[in-house]
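To start, the structure itself, in structure tokens.
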Amino acid sequence: MGEHLGFDVEGDRVITHYFACLDRAYRGWRWAVTVARAARARHVTVSETVLLSGEGALLPPTWVPWSERLRPGDLGVGDILPAPADDDRLVPGYTSADDECDHQMIWELGLGRARVLSAHGRDLAVRRWYGGDHGPHTPIAYAAPAQCSTCGFYWPLAGSLGHMFGVCANEYAPDDGRVVSADHGCGAHSEAAVPSPATETAPPILDDMGYDLMDEPDELRAGEEGKPGEDEVPPGSVDETASEPFGHS
């Protein structure tokens, strides 16, 4: 214990004194020592000594019941998660039957369920599914060639939820076996077609369509004085009189 920090009067002949805590592991805490003196007694008795948190003390987080700490995916193998009796997501099963049905008969034959999804529970599921990874606002849905509602692997749910949701039955799709919204989508759509690559004509190895302009030789531009003689071969011509053997007849 450290220096005296003050005291509180708890009642007749009962006082709690506060002392500083010198332990470095409990910085910001203080010792509370409650003393009392019985009636007509000469000596003071120590009733209790406890550590109390003060300003700047390190405290644990506020305790939260396990039912509120539970998050999706926390349930493991062998775990039991009972639904509370007042769960607003569920309603008694007989309330969902038609008025003409004998509710008691359905219950006795075991054809009904004790509780079914309530309107509130259905709305929560719709918001969770539509705003999750299997709804329309995901990168894979934006890049999809078409929506799930037009896919042959899309199996609509029964009941009122079938207007907005279904189950993916494509084993190659990332959402196989999961509930997806009708306006969700992925690249495994049944009618998706791979676009044909654009064909580009390769440039010809030998260009036989173009031509080059060449200057006329000076000998041809000259007058008759510059014309070659009969025995002379003009530049660029073949001498037909040459007797070069070509190796064939």
Side-chain angles (χ1 to χ4, degrees), residues 5 8 10 16 18 20-21 23-34 47-97 103-104 106-108 110-142 147-148 154-169 173-186:
L5 302 178
D8 288 333
E10 306 290 348
T16 299
Y18 300 101
C21 180
D23 193 332
R24 291 181 297 175
Y26 289 89
R27 184 174 301 174
W29 291 69
R30 57 182 178 170
W31 286 104
V33 181
T34 302
S47 298
E48 63 177 354
T49 303
V50 295
L51 267 175
L52 298 179
S53 59
E55 184 178 357
L58 181 62
L59 300 175
T62 305
W63 184 82
V64 179
W66 70 269
S67 58
E68 299 179 15
R69 297 196 306 267
L70 197 64
R71 293 292 179 267
D74 290 346
L75 193 66
V77 178
D79 295 339
I80 303 298
L81 179 61
D86 57 349
D87 196 333
D88 56 359
R89 299 172 302 171
L90 300 171
V91 294
Y94 59 81
T95 60
S96 63
H103 300 157
Q104 186 65 25
I106 294 178
W107 172 256
E108 291 178 354
L111 301 179
R113 291 172 289 170
R115 289 187 292 179
V116 295
L117 198 64
S118 64
H120 177 66
R122 184 172 60 249
D123 293 340
L124 291 178
V126 167
R127 295 179 184 180
R128 186 172 61 253
W129 294 346
Y130 200 78
D133 296 336
H134 311 297
H137 308 298
T138 56
I140 193 172
Y142 287 136
Q147 296 181 353
C148 290
Y154 176 78
W155 191 270
L157 296 180
S160 59
L161 292 179
H163 299 289
M164 295 182 59
F165 299 98
V167 177
C168 177
D175 302 318
D176 179 38
R178 295 181 174 88
V179 175
V180 295
S181 64
D183 48 358
H184 183 63
C186 70

Does Phe165 offer a backbone N or O that forms a donor-acceptor pair with the side chain of Tyr154 under 3.5 Å?
yes

As an exercise, state the distance from CZ of Arg128 to CG of Asp123, rounded to the nearest 0.5 Å.
11.5 Å

Quick check on Tyr18: does its OH atom have over 12 non-hydrogen neighbours (other residues, nucleotides or ligands) under 6.0 Å away?
yes

Check: Val50 and Trp29 side chains under 4.5 Å, non-hydrogen atoms:
no

Are side-chain heavy atoms of Trp31 and Leu51 found at a separation under 4.5 Å?
yes

Would you call the rings of His137 and Tyr142 parallel, tilted or perpendicular, where under 30° means parallel and over 60° means perpendicular?
tilted

Under 3.5 Å donor-acceptor, His184 side chain and Gly135 backbone:
yes

If you measure from OG1 on Thr34 to CD on Glu48, what distance do you get to the nearest 0.5 Å?
4.5 Å

Compare every heavy atom of Arg115 with every heavy atom of Ala83, then report the nearest pair and how far apart it is.
O-NH2, 3.5 Å

Closest non-hydrogen atom pair, Gly28 against Ala57:
O-CB, 3.5 Å

When rounded to the nearest 0.5 angstrom, what distance separates CZ in Arg178 from CG in Asp133?
9.5 Å

Ala32 and Leu52: which non-hydrogen atoms are nearest, and at how many Å?
CB-CD1, 3.5 Å

Which heavy atom in Arg71 sits nearest to a heavy atom in Glu68, and how many Å separate them?
NH1-O, 2.9 Å

Could you tell me whether the side chain of Ser118 and the main chain of Arg89 form a donor-acceptor pair under 3.5 Å?
yes

Could you pull out the closest heavy-atom pair between Pro156 and Gly162, with the gap in Å?
CB-O, 4.0 Å

Interatomic distance, Ser181 atom OG to His134 atom NE2 [nearest 0.5 angstrom]:
10.0 Å

Measuring only between side-chain heavy atoms, which start at C-beta, is Pro136 closer than 4.5 Å to Tyr130?
yes

Ignoring hydrogens, what is the shortest heavy-atom contact between Asp175 and Val180? Give both atom names and the distance.
CB-CG1, 3.6 Å

Within a reach of under 6.0 Å around CG of Leu59, are more than 12 heavy atoms found that belong to other residues, nucleotides or ligands?
yes

